[in-house]
K.L.:
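If you scroll down you'll find the structure; I have some questions about it.
We use all heavy atoms of the structure for the numbers below, so side chains are in, but hydrogens, waters and symmetry mates are not. For reference, positions follow the sequence shown, starting with 1. Every value quoted in this text rests on a predicted model; they were computed, and no experiment measured them.
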Amino acid sequence: MDVVGDILARDRRSRDVALVTPDERERTYRDLITNGYKSANVLRYLGAREGSTVAVEPAPGLHTTLAFLGAAALGAPVRFDPETGIARGDRVVLVDVVDESTTEPAPGTGLAAFGGPPERPETTHWEQELWSENPGMPPSGVGPDDIVLRETDGEGPDRSGSVTHRALLDAAASVAGEHGLEPGDSVTLRGDLSDPRALAAGLVAPLAAGATSVLVGEETDNGEPTVTVEREDGGSRRVALPALGER
């Protein structure tokens with residue numbers, strides 16, 4: 001894979017389970033890829049383009065995952081930090097509907113909410129648009145050295161700075177290779193999506209390998225995300241979060 005959007009390649013659609021969300025619902029690769037296309041179209045309708053940033057709620061779930069994949073396929077970098085996204089004038093901001101009333105986008109920023117219908121008419125109802133969208137991928141010229149993740153307000157070398165498609169995929173490939181990920185394996189991510197290392201190991205690595213990403217959403221004891229590989233035979237192994245190379 002050259003860019004994160006290659007996860008959504010049409011020939012990868014199957015009935016294998018790609019994603020398990022914190023509500024324990026399963027989505028197949030066919031479901032994830034089709035709705036990833038729809039997500040890209042919703043974001044494009046809201047003004048996202050190559051190089052424009054989409055700020056996404058970091059809580060793990062179906063809609064935050066779809067927004068990440070759809071934006072990456074468009075070539076729009078994602079920032080898992082809506083508050084910073086608003087402050088920096090990101091093109092689109094996606095939040096949980098419970099946060100809509102306290103989220104005030106600046107002029108030029110489109111606000112979308114998931115989890116139910118928003119209160120304000122100018123806020124886009126994410127699910128309503130998603131389910132009605134065209135399931136075809138819009139064209140994009142994104143390349144491996146383009147930015148896929150923007151910095152957040154987090155501290156430390158692995159929680160700040162921009163990350164390219166190449167760097168994120170290389171980190172994911174290192175996890176997949178070390179643990180021999182393949183279809184039938186599950187990778188469980190505890191924590192949110194804001195740490196690029198956890199995103200690479202817990203979401204991108206299993207999806208790129210045809211395995212299953214399990215998003216638990218539980219808080220961890222020390223605040224650091226954890227990733228675990230679960231085998232079909234019942235064995236499990238903790239994953240060391242990968243370092244991201246040149247970003």
Side-chain angles (χ1 to χ4, degrees), residues 3-5 7 19 21-22 32 36 39-40 42-43 46 48 51-100 102-103 105 109-115 126 142 146-165 167-169 171-172 187 189-207 213-220 223-227 241-244 247:
V3 293
V4 172
I7 288 172
L19 189 71
T21 47
L32 189 73
S39 168
V42 175
L43 292 171
L46 291 171
S52 64
T53 303
V54 177
V56 178
E57 162 65 41
L62 174 64
H63 295 298
T64 51
T65 298
L66 291 176
F68 165 65
L69 293 174
L74 280 178
V78 170
R79 189 195 314 275
F80 283 108
D81 185 346
E83 184 176 347
T84 298
I86 288 173
R88 298 189 182 180
D90 291 348
R91 187 65 188 88
V92 180
V93 175
L94 177 66
V95 298
D96 192 301
V97 72
V98 300
D99 297 319
E100 185 221 355
T102 58
T103 303
T109 295
L111 178 64
F114 64 90
W126 176 261
V142 61
D146 291 330
I147 300 300
V148 67
L149 295 174
R150 294 284 188 204
E151 69 278 4
T152 69
D153 272 352
E155 297 179 355
D158 291 302
R159 292 185 64 85
S160 61
S162 296
V163 179
T164 65
H165 286 257
L168 192 66
L169 287 173
V187 179
L189 169 60
R190 290 178 172 82
D192 66 31
L193 303 178
S194 64
D195 189 319
R197 303 167 303 164
L199 186 74
L203 182 67
V204 177
L207 292 182
S213 174
V214 181
L215 304 179
V216 176
E218 296 175 348
E219 292 291 336
T220 55
E224 284 287 306
T226 63
V227 177
L241 297 182
L244 274 75
R247 300 185 288 169

K.L.:
Could you tell me which non-hydrogen atom of Leu241 sits nearest to which non-hydrogen atom of Ala198, and how far apart they are?
P.N.:
CD2-CA, 4.1 Å

K.L.:
Give every donor-acceptor pair under 3.5 Å between a side-chain atom in residues 65-72 and any protein atom, sequence neighbours left out.
P.N.:
unit_1, atom_1, unit_2, atom_2, d
Thr65, OG1, Gly61, O, 2.8

K.L.:
For Ala172 and Ala200, which heavy atoms make the closest approach, and how far apart are they?
P.N.:
CB-O, 3.6 Å

K.L.:
Please give me the minimum heavy-atom distance between Ala48 and Ala76, naming the atom from each residue.
P.N.:
CB-CB, 4.3 Å

K.L.:
Check Leu46 against Ala112 and note the closest heavy-atom contact, atom names and distance.
P.N.:
CD1-CB, 4.1 Å

K.L.:
For Leu203, which of Val187, Leu19, Val4 qualifies under side chain to side chain contact (heavy atoms under 4.5 Å, CB included)?
P.N.:
Leu19

K.L.:
Find the distance between CD1 (Ile7) and CG (Leu32) and round it off to the nearest 0.5 Å.
P.N.:
8.5 Å

K.L.:
Is there a side-chain contact between Asp96 and Trp126 in this structure, where contact means two heavy atoms from C-beta onward sitting under 4.5 Å apart?
P.N.:
no

K.L.:
Quick check for you: to the nearest 0.5 Å, what is the distance between Asp90 atom CG and Thr84 atom OG1?
P.N.:
8.5 Å

K.L.:
Evaluate the side-chain proximity of Leu62 to Leu215: yes if any heavy-atom separation is below 4.5 Å, no if none is.
P.N.:
no

K.L.:
So, Ser213 side chain and Gly202 main chain: donor-acceptor pair closer than 3.5 Å or not?
P.N.:
yes

K.L.:
In Å and rounded to the nearest 0.5 Å, what is the NE2 to CG distance from His165 to Leu168?
P.N.:
8.5 Å

K.L.:
Going by heavy atoms in the side chains, are Leu244 and Arg197 under 4.5 Å from each other?
P.N.:
yes

K.L.:
Counting only N and O atoms by type, is there a donor-acceptor contact under 3.5 Å from the side chain of Arg79 to the main-chain atoms of Glu151?
P.N.:
yes

K.L.:
According to the interplanar angle, ranging from 0 to 90°, do the rings of Phe114 and His63 count as parallel (below 30°), tilted (30 to 60°) or perpendicular (above 60°)?
P.N.:
tilted

K.L.:
In the structure I gave you, are the side-chain heavy atoms of Pro60 and Asp192 within less than 4.5 Å of one another anywhere?
P.N.:
yes

K.L.:
Quick one: OG on Ser194 to CG on Leu149, what's the gap to the nearest 0.5 Å?
P.N.:
10.5 Å

K.L.:
Over all heavy atoms of both residues, which pair between Gly75 and Pro77 is shortest? Give the atoms and the distance, please.
P.N.:
O-CD, 3.5 Å

K.L.:
Kindly give the heavy-atom pair with the smallest separation between Thr53 and Arg150, and that separation in Å.
P.N.:
OG1-NE, 3.2 Å

